[in-house]
Protein chains: 2
Amino acid sequence: MRIGSPDHEWREDCAPRRVLEIFSSKWTSMILHVLDTRHKGCARTGVLQRSLPGISKKMLTQTLRDMEADGLVTRRVYGTVPPAVDYTLTLLGKRFVEPIELLYGWGRANADALDDLAARRTKDA
Amino acid sequence: MRIGSPDHEWREDCAPRRVLEIFSSKWTSMILHVLDTRHKGCARTGVLQRSLPGISKKMLTQTLRDMEADGLVTRRVYGTVPPAVDYTLTLLGKRFVEPIELLYGWGRANADALDDLAARRTKDA
DNA sequence: AGACATAGACACCTTGAGGTAACCACATGC
DNA sequence: GCATGTGGTTACCTCAAGGTGTCTATGTCT
């Protein structure tokens, strides 16, 4: 697959491709959004789960732990006896809220285009 | 997994989630971008492949055919004897270029944030 | 007593996206 | 004659994302 491409603006590690990786995990962007928009940047596990219809407990914690490793959120554990944990957006995490809002905003404003896509998909099925 | 969620702004079929589906396929957004930005909305198969380092012949045609089914591009075949085919952005396809440019643009302007992410990832490895 | 919530850990499974490689048909160039 | 480029198709394989279900421990509520 060697290509003597004169244009390396499209290498594997270019900025655009790296942005896409943020969205490669199904829930990451939604968690960032919900955390920022609905919970002022900090929320407990249960609250988050209830904010995201369809997410399983496993995927929620798994994604959150990955995000913690990436420095997007901070995990805080309270030694209380019914365990309590909450997650807070870091500064880095807040930066990534911006492109997400950009995208979601576009989606809300262009629902008709999305409808067109969906219509085609169901039609040929 | 039934949740009597009071907030259905986050149902499975809300606009934000549907936008994400555009990016759920690895190459779709890049093809749309390259087609629009580098080739004025129309290009032959081979040209596209050479514009996208790393894509295999199979993934390219497969993605293009899916995009055709979705009404994002138009496929044109020339009956010439070394087969010639080209793909043209449709009006719908052009609409989806916008959010992609939004995202890619953010990525280019915020490469430092992306670097931070990458740094964390390699550090804990 | 027993149900329920809280935040996980762990085992397990399925699905499909994505990738590799080989083959086809044909015309041109060496 | 033989290699090459064109645009595919087809078979095959792999890996990891995502999902389900169960188990833990403990404290309140009824």
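Because only heavy atoms are used, hydrogens play no part in the values below, and waters and symmetry mates are left out as well, while side chains stay in. Residue numbering restarts at 1 for every chain, and letters A, B, ... go by the order of the sequence lines. It should be emphasised that the depicted structure is a prediction, and the values quoted were computed from it without experimental measurement.
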task: With axes from five pairs an end, tell me the bend angle of the helix from C:dA1-D:dT30 to C:dC30-D:dG1, nearest 10°.
output: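 Its terminal axes enclose an angle near 10°.
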
Could you state the atom-to-atom distance from [atom1] of [X] to [atom2] of [N] in whole Å?
X	N	atom1	atom2	result
A:Asp66	D:dA16	CG	C1'	12 Å
B:Phe23	C:dG18	CZ	C1'	19 Å
B:Leu48	D:dG7	CG	C1'	12 Å
A:Gln49	D:dG19	CD	C1'	13 Å
B:Glu68	D:dG8	CD	C1'	14 Å
A:Gln62	C:dA11	CD	P	14 Å
A:Ile55	D:dG18	CD1	C1'	10 Å
A:Leu60	D:dT20	CG	P	14 Å

- prompt: Which residues satisfy the salt bridge (charged side-chain N to carboxylate O under 4.0 Å, His left out) test with A:Arg75, sequence neighbours excluded?
  reply: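 With neighbours one apart ignored, the set is empty.
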
- request: Could you pull out all residues at least two apart from A:Asp86 that satisfy salt bridge (charged side-chain N to carboxylate O under 4.0 Å, His left out)?
  value: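 By the salt bridge (charged side-chain N to carboxylate O under 4.0 Å, His left out) rule, A:Asp86 matches A:Arg76.
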
message: OP1 or OP2 of D:dA17 versus the side-chain N and O atoms of A:Thr63: is any pair under 4.0 Å?
response: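 No, no such contact exists.
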
- request: Given side chain to side chain contact (heavy atoms under 4.5 Å, CB included), test B:Leu60 with B:Leu64 step by step and report yes or no.
  value: CA-CA 6 Å; B:Leu60 179 61; B:Leu64 282 168; 3.8 Å; yes

- prompt: Is it true that a side-chain atom of A:Thr37 and a backbone atom of A:Val34 form a donor plus acceptor pair closer than 3.5 Å?
  reply: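 No, because the side chain of A:Thr37 does not come within donor-acceptor range (under 3.5 Å) of the backbone of A:Val34.
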
task: Measure from the side-chain N and O atoms of A:Thr28 to the backbone N and O of A:Ser24, and report whether any donor-acceptor pair falls under 3.5 Å.
output: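 Not a single qualifying donor-acceptor pair exists.
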
- prompt: Is B:Thr80 touching bases, backbone alone, or none of the nucleic acid, heavy atoms closer than 4.0 Å?
  reply: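 Nothing, no nucleic acid heavy atom in range.
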
message: Once rounded to the nearest 0.5 Å, what's the spacing between atom CD1 of A:Ile22 and atom CD1 of A:Ile100?
response: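 Going from the CD1 atom of A:Ile22 to the CD1 atom of A:Ile100 covers 6.5 Å.
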
- request: Any chance you could measure B:Thr90, atom OG1, to B:Glu68, atom CD, to the nearest 0.5 Å?
  value: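 Reported to 0.5 Å precision, the distance equals 10.5 Å.
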
field: Under 4.0 Å protein heavy-atom contacts per nucleotide of nucleotides 2-9 of chain C, with B for base, S for backbone only and - for none
entry: ----BSBS

field: Those residues that, when tested against B:Arg95, pass side-chain hydrogen bond (donor to acceptor under 3.5 Å, both in side chains) (two or more places apart)
entry: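 Checked B:Arg95 against side-chain hydrogen bond (donor to acceptor under 3.5 Å, both in side chains); matches are A:Asn110, A:Asp112.
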
field: Pairs where residues 48-100 of chain B contributes a residue and the test ring-ring contact (aromatic ring centres under 6.0 Å, His included) is met, not counting sequence neighbours
entry: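 For residues 48-100 of chain B, and leaving out neighbouring residues, the ring-ring contact (aromatic ring centres under 6.0 Å, His included) pairs sorted by first residue read A:Trp106-B:Phe96.
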
